[in-house]
**Student:** 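Below you will find the structure I want to go over with you.
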Amino acid sequence: MALAQAIIPAGWPQSYSLRDGDKFDFIVVGAGSAGAIVAARLSEVPHFRVLLLEAGGDPPPASVAPSLFGTLGHTEYDWDYKAYLDKNIGTVHPGRAIYMTRGKMLGGSSSNNYEVYSRGVPEDYDEWGQVAKGWDWDSVLPYFKKFEGMKDPNITENPDHQDLHSTDGPVLVTRPETNSYFNEVNDIILKSYEEMGMKKILELNGPDNLGVSRPHFTFANGRRSSTAEAYLRGKERYNLKIVKYARVTRILIDDLTSRVYGTEVFVSGKKINVFANLEVIVSAGAIDSPKLLMLSGIGPREVLTPIGIKVIVDLPVGKNLQDHHYTPIVFTGQRSLHSVVQNLLVPTELDSYPVPLQSGFFRVDKGCCSQRPQFQIFNVRIGATASPIILFGFRTITNFDEYFSYSVSKANVDREIDITSVINVHPRSRGEVTLKSSNPFDDPVINMGYFRDEEDVETTFRGLKFMLLYSNTTYFRKVGGKIAKLDVRACNHLKWGTDQYWRCYVRHAVGSMLHPVGTCEMGPYGVVDEKLRVYGVSGLRVADASVMMTIPSGNTNAPTMMIGEKAADLIKADYNALYQDKYFI
Ligand SMILES: Cc1cc2nc3c(=O)[nH]c(=O)nc-3n(C[C@H](O)[C@H](O)[C@H](O)COP(=O)(O)OP(=O)(O)OC[C@H]3O[C@@H](n4cnc5c(N)ncnc54)[C@H](O)[C@@H]3O)c2cc1C
């Protein structure tokens, strides 16, 4: 009943009926994690007329309900991209292709992501601040706090934590109490991690950067707190016009002055032009923002010229693609009817999280000076007999091949399993997004570039070796647990369990956390400056995950929302100065 109440579809903003030649002050492209925030915040200034163009429509009930995100892949709410891995990498994926799901609806990927709330650590942003003034931790923390509505009293009433958080931002963050079986599982697993030397910490966004915990989530009261929910639903403003099913295909740039003056957009299949008096802000995400810039003549000459796009500014658009890739390990636990209960309890958690989830950060290099995590882990416990769901999930959500997927599901036929993802959070390798053609309706070409730098194999291997120690913990030995032998065809010629085997495994059994960033990099050698203005043209900014120089230690939704908040302030500051000066006189 609570769930039914929560997913009532009402309240999404009306779509504005846009006409060819319409004029606004600002046009924001993409209503995702960053774009919805940029548009909503700009419209707080009563004399700004803001247009928000979004290629998708309203989030469906499966997005609003916190637990049904697994059903959104390959639907109309997903851009459903394929991303490719290099030769001899990730061969557990047929065609070396992984599914690069991206949200296509109001809220973008904040409407279909897995809702884990993790901001990364201060050192991540201090690194940014060395390249781009104003992006160090002390400067960005107020923007993290601006969007955050922390509802967990364990955090808000704790003097060591409360200063790092805010209770009154629009994005609601909770860590709901789960059923007693889930609680028991969480305790067992976190205790086992402690035995391995990891510290149990109160939260992933607190003063301690290293340790394990149950994560917080961006949902509350049975509803996902996407940016569509937090900034757009029920918050209509006369000066903010939102157009759904509006796909922007080109940024309009004056040939003589290099000034951006609007966008070309397809609405209901019809191509029109709309104009921006002040600026266009591109917030189409780390895949579609570089695509749109390149289609408009902003990008690497070697990509644009061969496909007949005239180069307006030669910039490294689409390069510097970074992602968190994970290596899954499966531990088989006890064989008991008791663990089947967990699967039966899933329906009682539909307004919360569907599985017990534990997460944490750790280092294997114990240097004197850095507390910056080298690895993040996520672990989910699946009760016995969920094999068909596992088989389906591995095949359809991630595109693991039938051998690998079947070996995971086989491990779960009569035993509970822990699926642990080991993530090297600061990969050195870089991939790229390029274009297949000048046709805006063609998918971009996405090469993830995992393990192009050999050191990433070695680092990931060391993190994996550490996590294998889970199999030596008291609980695990007690239940007769084992590391599952998964079927990675490319490594079957090696002796299972040797270092050589695990290095091979790291290369081939890799998946994406779906955290692409960095393709319109901020910084002097990148695409945008520290105010997110695109070099070489005027009137154009990029504000989304693509501007990150380096990927933060944690998940990328919170950092992207921070970018949205800060971008809006940077823009307001520029035009308020003009307003006081001469522009609006
Ligand atoms: C399945 C999944 C699970 C994830 N899990 C987590 C998690 O648990 N925690 C976490 O922190 N992060 C997670 N992430 C990552 C996180 O959600 C993203 O990093 C973040 O949402 C990116 O925000 P963005 O604003 O850059 O792009 P998006 O939120 O993707 O927004 C881009 C928007 O632009 C629109 N758009 C694109 N092209 C056009 C165009 N030409 N015209 C008009 N509109 C356009 C899109 O439809 C979309 O609405 C996950 C991502 C996915 C996909």
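Counting starts at 1 for both ligands and their atoms, in listed order.
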**Student:** How far is atom 53 (C) of ligand 1 from the closest protein heavy atom, and which atom is that?
**Tutor:**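 The closest heavy atom on the protein side is Thr101 O, 3.1 Å.
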**Student:** Ignoring angles and geometry beyond distance, decide whether Asn112 reaches within less than 3.5 Å of ligand 1 through its nitrogen or oxygen atoms.
**Tutor:**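 No.
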**Student:** Consider every N or O of Met513 and every N or O of ligand 1, then say whether any pair is closer than 3.5 Å.
**Tutor:**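 There is no such contact.
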**Student:** What part of Ala246, side chain, backbone, both or neither, has a heavy atom within less than 4.0 angstrom of ligand 1?
**Tutor:**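 Only the backbone of Ala246 comes within reach of ligand 1.
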**Student:** Please work out which of Ala36, Ala284, Gly108, Ser359 has its closest non-hydrogen atom nearest to atom 32 (C) of ligand 1.
**Tutor:**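 Heavy atom nearest to atom 32 (C) of ligand 1 belongs to Ala284.
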**Student:** Measure the spacing between CZ of Phe147 and CE of Met561 and express it to the nearest 0.5 Å.
**Tutor:**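 If we round to the nearest 0.5 Å, Phe147:CZ and Met561:CE are 4.0 Å apart.
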**Student:** Taking atom 23 (O) of ligand 1 as the point of reference, which of Gly554, Gly120, Gly564, Ser33 owns the nearest heavy atom?
**Tutor:**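 The residue whose heavy atom sits nearest atom 23 (O) of ligand 1 is Ser33.
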**Student:** Looking at atom 19 (O) of ligand 1, what's its closest protein heavy atom, distance included?
**Tutor:**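 Nearest protein contact, heavy atoms only, for atom 19 (O) of ligand 1 is Thr556 OG1, 2.7 Å.
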**Student:** Using a plain distance cutoff, I'd like to know if Val29 has any nitrogen or oxygen under 3.5 Å from a nitrogen or oxygen of ligand 1.
**Tutor:**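 No, no N or O pair falls under 3.5 Å.
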**Student:** Check Leu514 against ligand 1 and report side chain, backbone, both or neither, counting heavy atoms closer than 4.0 Å.
**Tutor:**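 For Leu514, the contact with ligand 1 is made by both the backbone and the side chain.
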**Student:** Less than 4.0 Å is my threshold; does some heavy atom of Leu292 fall inside it relative to ligand 1?
**Tutor:**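 Leu292: no contact with ligand 1 (<4.0 Å).
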**Student:** Taking both backbone and side-chain atoms of Ser109, is any N or O found less than 3.5 Å from an N or O belonging to ligand 1?
**Tutor:**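 In this structure, Ser109 places an N or O atom under 3.5 Å from an N or O of ligand 1.
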**Student:** Check the pair Glu279, Arg541 against salt bridge (charged side-chain N to carboxylate O under 4.0 Å, His left out), reporting the backbone distance first and the verdict last.
**Tutor:** CA-CA 8 Å; Glu279 287 200 13; Arg541 295 192 212 223; 2.7 Å; yes
**Student:** Using the side chain to side chain contact (heavy atoms under 4.5 Å, CB included) rule, take Leu532 and Val542 through it: C-alpha gap first, then chi angles, then the decisive distance, then the call.
**Tutor:** CA-CA 6 Å; Leu532 307 180; Val542 180; 5.8 Å; no
**Student:** Using a 4.0 Å cut-off to any heavy atom of Leu53, which atoms of ligand 1 qualify?
**Tutor:**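 Matching atoms, with element in brackets: 43 (C), 44 (N).
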**Student:** What about the rings of Phe441 and Phe266, do their centers lie closer together than 6.0 Å?
**Tutor:**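 Between Phe441 and Phe266, the centre distance is under 6.0 Å.
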**Student:** Do any nitrogen or oxygen atoms of Ser118 lie less than 3.5 angstrom from nitrogen or oxygen atoms of ligand 1?
**Tutor:**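 No; the residue has no nitrogen or oxygen that sits under 3.5 Å from a nitrogen or oxygen of the ligand.
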**Student:** Considering only heavy atoms, which of Val28, Val116, Ile551 lies nearest to atom 7 (C) of ligand 1?
**Tutor:**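 The nearest heavy atom belongs to Val116.
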**Student:** Nearest 0.5 Å please: distance from the CZ atom of Arg430 over to the CD atom of Glu521.
**Tutor:**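 Between atom CZ of Arg430 and atom CD of Glu521 there are 8.0 Å.
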**Student:** Can you tell me the protein heavy atom closest to atom 5 (N) of ligand 1 and the distance?
**Tutor:**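 The answer is Tyr114 N, 3.0 Å.
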**Student:** Nearest to atom 40 (C) of ligand 1, what protein heavy atom do you find, and at what distance?
**Tutor:**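 Checking every protein heavy atom, the shortest distance to atom 40 (C) of ligand 1 gives Val248 N, 3.7 Å.
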**Student:** Among all protein heavy atoms in this structure, tell me which lies nearest to atom 24 (P) of ligand 1, with the distance rounded to 0.1 Å.
**Tutor:**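 Sorting protein heavy atoms by distance from atom 24 (P) of ligand 1 puts Thr560 CG2, 3.7 Å first.
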**Student:** As an exercise, state the distance from OG1 of Thr227 to CG of Asn557, rounded to the nearest 0.5 Å.
**Tutor:**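 Thr227 OG1 to Asn557 CG: 7.5 Å, rounded to 0.5 Å.
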**Student:** Nearest to atom 27 (O) of ligand 1, what protein heavy atom do you find, and at what distance?
**Tutor:**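 Residue, atom and distance for the closest contact: Gly285 CA, 3.5 Å.
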**Student:** List every atom of ligand 1 that sits less than 4.0 Å from any heavy atom of Gly103, numbering the atoms from 1 in the order shown and giving each element.
**Tutor:**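 With Gly103 as reference, the close atoms of ligand 1 come out as 46 (C), 47 (O), 48 (C), 49 (O).
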**Student:** Taking CD1 in Ile307 as the centre, count heavy atoms belonging to other residues, nucleotides or ligands within less than 6.0 Å. Is the count above 12?
**Tutor:**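 Atom CD1 in Ile307 is crowded, with more than 12 foreign heavy atoms closer than 6.0 Å.
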**Student:** Report the part of Ala55 in contact with ligand 1, treating N, CA, C, O as backbone and CB onward as side chain, heavy atoms under 4.0 Å; options are side chain, backbone, both, neither.
**Tutor:**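 For Ala55, backbone and side-chain atoms both sit under 4.0 Å from ligand 1.
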**Student:** To the closest 0.5 Å, what do you measure between CD1 (Ile251) and CD (Glu264)?
**Tutor:**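 It comes to 11.0 Å.
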**Student:** In Å, rounded to the nearest 0.5 Å, how long is the span from CE of Met522 to CE of Met549?
**Tutor:**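 Answer for the CE-CE pair, Met522 versus Met549, is 3.5 Å.
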**Student:** If hydrogens are left out, which of Trp79, Phe441, Tyr81 has an atom nearest to atom 37 (C) of ligand 1, that is, the closest non-hydrogen atom?
**Tutor:**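 Among Trp79, Phe441, Tyr81, the closest heavy atom to atom 37 (C) of ligand 1 belongs to Trp79.
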**Student:** Can you find an N/O atom of Asp544 closer than 3.5 Å to an N/O atom of ligand 1?
**Tutor:**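 Looking only at distances, the answer is no, because the N/O contact criterion of under 3.5 Å is not met.
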**Student:** Of all the non-hydrogen atoms in the protein, which one sits nearest to atom 25 (O) of ligand 1, and at what distance?
**Tutor:**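 Heavy-atom neighbour on the protein nearest atom 25 (O) of ligand 1: Ala34 N, 3.1 Å.
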**Student:** Compute the centroid of each ring, for Tyr117 and then for Phe219, and state whether the two points are separated by less than 6.0 Å.
**Tutor:**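 No.
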**Student:** Can you tell which part of Met105 has a heavy atom less than 4.0 Å from ligand 1: side chain, backbone, both or neither?
**Tutor:**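 Backbone only.
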**Student:** Rounded at 0.5 Å granularity, tell me how far CD1 in Ile37 sits from CG in Leu232.
**Tutor:**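 Answer for the CD1-CG pair, Ile37 versus Leu232, is 9.5 Å.
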**Student:** Looking at Ser110, which atoms of ligand 1 are within less than 4.0 Å of one of its heavy atoms?
**Tutor:**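 Under 4.0 Å from Ser110, ligand 1 has these atoms: 21 (O).
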**Student:** Measure Ser283 to ligand 1 on non-hydrogen atoms and call it side chain, backbone, both or neither using the 4.0 Å cut-off.
**Tutor:**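 Under 4.0 Å from ligand 1, Ser283 contributes backbone atoms alone.
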**Student:** Would you call the rings of Phe144 and Tyr125 parallel, tilted or perpendicular if under 30° counts as parallel and over 60° as perpendicular?
**Tutor:**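 The rings of Phe144 and Tyr125 stand perpendicular, inter-plane angle above 60°.
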**Student:** If you count the non-hydrogen atoms of other residues, nucleotides and ligands that lie under 6.0 Å from NZ in Lys23, is the total more than 12?
**Tutor:**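 Counting other residues, nucleotides and ligands, NZ of Lys23 stays at 12 neighbours or fewer.
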**Student:** Got the closest protein heavy atom to atom 35 (C) of ligand 1, with its distance?
**Tutor:**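 In this structure, atom 35 (C) of ligand 1 has Glu54 OE1, 3.3 Å as its nearest protein heavy atom.
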**Student:** State the atoms of ligand 1, each with its element, that fall below the 4.0 Å cut-off from a heavy-atom position in Ala545.
**Tutor:**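 Here the atoms of ligand 1 in question are 26 (O).
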**Student:** Any idea how Phe362 and Phe375 line up, ring-wise: parallel (<30°), tilted (30 to 60°), or perpendicular (>60°)?
**Tutor:**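 Parallel.
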**Student:** Determine whether more than 12 heavy atoms belonging to other residues, nucleotides or ligands lie under 6.0 Å from atom NZ of Lys82.
**Tutor:**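 No, NZ of Lys82 has 12 or fewer neighbouring heavy atoms, counting only those of other groups under 6.0 Å.
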**Student:** Evaluate the criterion salt bridge (charged side-chain N to carboxylate O under 4.0 Å, His left out) for residue pair Lys436 and Asp443; output intermediate values, then yes/no.
**Tutor:** CA-CA 7 Å; Lys436 200 181 295 171; Asp443 282 358; 5.8 Å; no
**Student:** Using distance alone, determine whether Arg102 and ligand 1 share an N or O pair under 3.5 Å.
**Tutor:**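 Arg102 vs ligand 1: no N/O contact under 3.5 Å.
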**Student:** Can an N or O of Ala286 be found at a distance shorter than 3.5 Å from an N or O of ligand 1?
**Tutor:**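 Between Ala286 and ligand 1 (N or O atoms, distance only) the closest approach is not under 3.5 Å.
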**Student:** Just let me know how Asn113 lines up against ligand 1, side chain, backbone, both or neither, with a heavy-atom cut-off below 4.0 Å.
**Tutor:**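 Both the backbone and the side chain of Asn113 come within reach of ligand 1.
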**Student:** Is there a ring pair (Phe, Tyr, Trp, His ring centres under 6.0 Å) between Phe69 and Tyr353? Walk through the geometry before answering.
**Tutor:** CA-CA 10 Å; Phe69 43 78; Tyr353 216 70; 5.6 Å; yes
**Student:** Examine distances only and state if a side-chain atom of Asn447 and a backbone atom of Gly431 form a donor-acceptor pair shorter than 3.5 Å.
**Tutor:**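 Absent.
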**Student:** Just to be sure I read this right, does ligand 1 sit under 4.0 Å from the backbone of Leu106, its side chain, both, or neither, counting only heavy atoms?
**Tutor:**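 The answer is neither.
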